[in-house]
Asker: 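Sharing a structure, written as structure tokens. Questions coming.
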Amino acid sequence: MESSDVEQDLQRSVQAVLRELRAQAPALKSNRGMWRWSLHKKVERDPRKSPVLVHILLRELEKAESEDGRHVIIPLLHTLMYVLTKATGITEELYQRTYAFCMRLLTLPAPYCTVALDCAIKLKTETAVPGTLYQRLVIAEQNLKSELYPYQERVFLFVDPELVPPSVCSALLLEIQAAQGQQTPEACMRHVVSHALQAALGAACRADALQRKLQASPRRALERYFHAVVAAVEQMASEPSPSREGHLERLEEVYCSLLGPTAAARGRCGGDALPDRPPSIPLPSPYITFHLWTDEEQLWKELVLFLRPRSQMRLSADLEALDLQGLLPDQELARASMLSTDSGIERDLPSGTEELLTPSSPEMERAGLQRKGGMKKRVWPLDILMPSNWDGPPGLHRRTGRPMGDGELLPGVSRLHTARVLVLGDDRMLGRLAQAYHSLRKRETQTFCLTPRLSLQLYYIPVLTPEKPASPRHVELGELAAFLGRADPWYESTVNTLCPAIQKLAEMPPSLDTSQTVDPFILDVITYYVRMGTQPIYFQMYTVKIFFSDLSQDSAEDIFLTELKVKIQDSKLPKDGFSPRRKGTAEGPGAELSLCYQKALLSHRTREVTISLRATGLVLKALPASDTEDHTCLNVNVTEVVKSSNLAGRSFSTVTNSFRTASIQIQSQDQRLLTLWLDKDNRRTFRDVVRFEVAPCPEPCSGTQKSKALWLGSHQQKETERTKAKPKPLLMPINTFSGIVQ
């Protein structure tokens, strides 16, 4: 195919992606997600098209910047970065243009500047040391052993067998197993060596001869080549001013040791004709473990096993040797005076960081500038147990300005593991995830073994029952997925379109022949989501305390994420029950309820309201009622009974009233009992309820935080007590591509 034909074909595919983002027609919505996938497949099958596609995407990005087409910037930027991660043969000029474009985006508001900053950090290293992104991604995702880059990642795919049909579970498991069956450690090491050499040497690399040599190399020799390439890339990337020429010299030595100096020189001089199409180097899909969610503690157990393989007897020797009560700093550490004689600006690297941080780690790359004061004081933060990526500012919001890289939570203990927890299902599955997340955070305040070592990322793919996709129940169970799609258009186009594709996969007969090469669409989209979805949207979790009609029964406490529904039972309390019916109350449908709530105001001032009314039911929704709301509150919809009198007698009608609140208490004033449903899940039903209280779920407190108050000064101790009076709300993050796009 001529170069002009290749460019026209790729240009048409890019325009199809842009039309998909702009159009609202149902005909175009049916193929959403396929255009982006097919575009990446074209350059994966023919790597020579990668520079052409990078040039086209960069041109469209610059056009969107000049025409203020911000809605396409983040999707195109993610598409471009995904191509650059896989590609070889990209010129330095294209890298520099892309980097300059990302730097210009830093002047835009979030989420554009946040995504651009993350891309600019990666591009700066990739420009000087080509192949770094690919190498680090494969090492981390495939858990390859490397002392210079010791990071490990794993994707945990959780499915509730009671909510997702068995056919869907079987189809997903077969697709994952078929794709990962050929991803052996030896194959992944060959991919890393081939990609690094091709990215550095370019056209001088004899790719076909290189791959034949690697295929014929034994395991020990392959490991030697692999570690040599990793050392060359990571050592150069860790230098303050990496040199592309120095990187090329180091990899040429590895290349000559593989093919011999004669063959390597012949390749550089063009002695042998290069193949028309160089062999493609695949980017292996991440290591995914499939789990049927049957146990409430299953998430905790799997994360612990990820940190502690079954072959090890103890979780972590250095963690167990770390005495949390011994965190009290001595006088020398707590306060050290020093005289500053320099200009006052230095790198944000405290003494001892060279021994604590790994070279070329994300923490090293993100080292910023700070002013060096005349007195340095070590203060332990009150929320030391709260990991940086597990919390966020109050409210339902996008992350703005804080990078995804995790620093050290405790001295000498760095996070080398990343757990990407992906759940499939509807809003009921997210309710179970919220329960597990709350339980995990509560357990961490006591055991403290996951937080210092693990970066936890949460992802969600909606899978709804296929029987009646247009039914109200079908729409109701997908409310959170619909909100994520409205907040992030690229999530809507890429992830929300997977539901019908997964259902079609489940209807197809399983193929037991693994020798045929197929393109697993669903697995590819899952891989794209967990790799590029780095911007979380935080959701407020709510706690509900429930009191029953039986006074001998203890009160219950639970949490919910999306919805709490209240219905009036037909049964009544006995006359000597908990709350006798008030005199003068007219019989009618529903129950007489007393509501006491704090009204949600934009000024965040406290305004308490108490009302009594007759209602047939209530619905408390935690998701915003409109796309423009960016604060956390409950939207309460009350179906109120209105009594009217006329010549025919008394009649009753219902009207729905809505209000917003931060917390609420509801009690039945007559003999009617209540039934509560949490997160639309029939398994989480509470009957015979007379009163319940709903409030934002607070962060679990920690005994270690209390011990630190002993060595804090009197002023700081008072500040600590005031802080405890207003606990931080517990927010659950779900990763998207951009966060909330206004």
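All values below were derived from every heavy atom in this structure, side-chain atoms included, with hydrogens, water molecules and symmetry-related copies excluded.
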Asker: Do you see a donor-acceptor pair shorter than 3.5 Å between the side chains of Q457 and T418?
Answerer: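 Distance-only check fails for Q457 and T418.
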Asker: Is there any salt bridge (Lys or Arg N to Asp or Glu O under 4.0 Å) pair reaching into residues 487-505, and which pairs are they, with sequence neighbours excluded?
Answerer: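 Every candidate salt bridge (Lys or Arg N to Asp or Glu O under 4.0 Å) pair involving residues 487-505 fails, so no pair, neighbours aside, qualifies.
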Asker: Could you tell me which residues satisfy ring-ring contact (aromatic ring centres under 6.0 Å, His included) with Y597, sequence neighbours excluded, listed by chain and number?
Answerer: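 Per chain and number, Y597 pairs via ring-ring contact (aromatic ring centres under 6.0 Å, His included) with F659.
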Asker: At their closest point, which heavy atom of G533 faces which heavy atom of N735, and how far apart are they?
Answerer: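 Looks like O-ND2, 3.0 Å.
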Asker: Taking only residues two or more places apart in sequence, or in another chain, which ones meet E297 in a salt bridge (charged side-chain N to carboxylate O under 4.0 Å, His left out)?
Answerer: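 Salt bridge (charged side-chain N to carboxylate O under 4.0 Å, His left out) check on E297 returns R443.
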Asker: Can you see whether Y528 has R36 sitting over its ring - NZ or CZ less than 6.0 Å from the centre and within 45° of the normal?
Answerer: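 The answer is yes, since R36 meets both limits relative to Y528.
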Asker: Should R531 and L283 count as side-chain neighbours, where that means a heavy-atom distance under 4.5 Å?
Answerer: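 When only atoms from C-beta onward are counted, L283 and R531 do touch, with a gap below 4.5 Å.
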Asker: Judged by modelled atom types alone, do Y151 and R136 share a side-chain donor-acceptor pair under 3.5 Å?
Answerer: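 The criterion, which ignores hydrogens and geometry beyond distance, is not satisfied for R136 and Y151.
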Asker: Using the side chain to side chain contact (heavy atoms under 4.5 Å, CB included) rule, take Y460 and D427 through it: C-alpha gap first, then chi angles, then the decisive distance, then the call.
Answerer: CA-CA 10 Å; Y460 170 56; D427 290 352; 4.3 Å; yes
Asker: I'd like to check the salt bridge (charged side-chain N to carboxylate O under 4.0 Å, His left out) partners of D295; sequence neighbours left out, ordered by chain and number.
Answerer: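 D295: salt bridge (charged side-chain N to carboxylate O under 4.0 Å, His left out) contacts with K301.
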Asker: Could you tell me which residues satisfy ring-ring contact (aromatic ring centres under 6.0 Å, His included) with Y134, sequence neighbours excluded, listed by chain and number?
Answerer: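 With neighbours one apart ignored, the set is H195.
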Asker: Decide if the gap between the ring center of F539 and the ring center of F483 is smaller than 6.0 angstrom.
Answerer: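 Aromatic pair counts; centres sit under 6.0 Å.
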Asker: Counting N and O atoms only, with roles assigned by atom type, does the side chain of E693 sit under 3.5 Å from a partner on the main chain of F547, one being a donor and the other an acceptor?
Answerer: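 Looks like no, no N/O pair under 3.5 Å.
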Asker: Have a look at L674 and tell me which of L618, L593, I546 forms a side-chain contact (heavy atoms from CB on, under 4.5 Å) with it.
Answerer: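 Going through L618, L593, I546 one by one, the side-chain contact (heavy atoms from CB on, under 4.5 Å) with L674 is satisfied by L593 alone.
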Asker: Under the salt bridge (charged side-chain N to carboxylate O under 4.0 Å, His left out) test, which residues partner K567, sequence neighbours left out?
Answerer: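 Per chain and number, K567 pairs via salt bridge (charged side-chain N to carboxylate O under 4.0 Å, His left out) with no residue.
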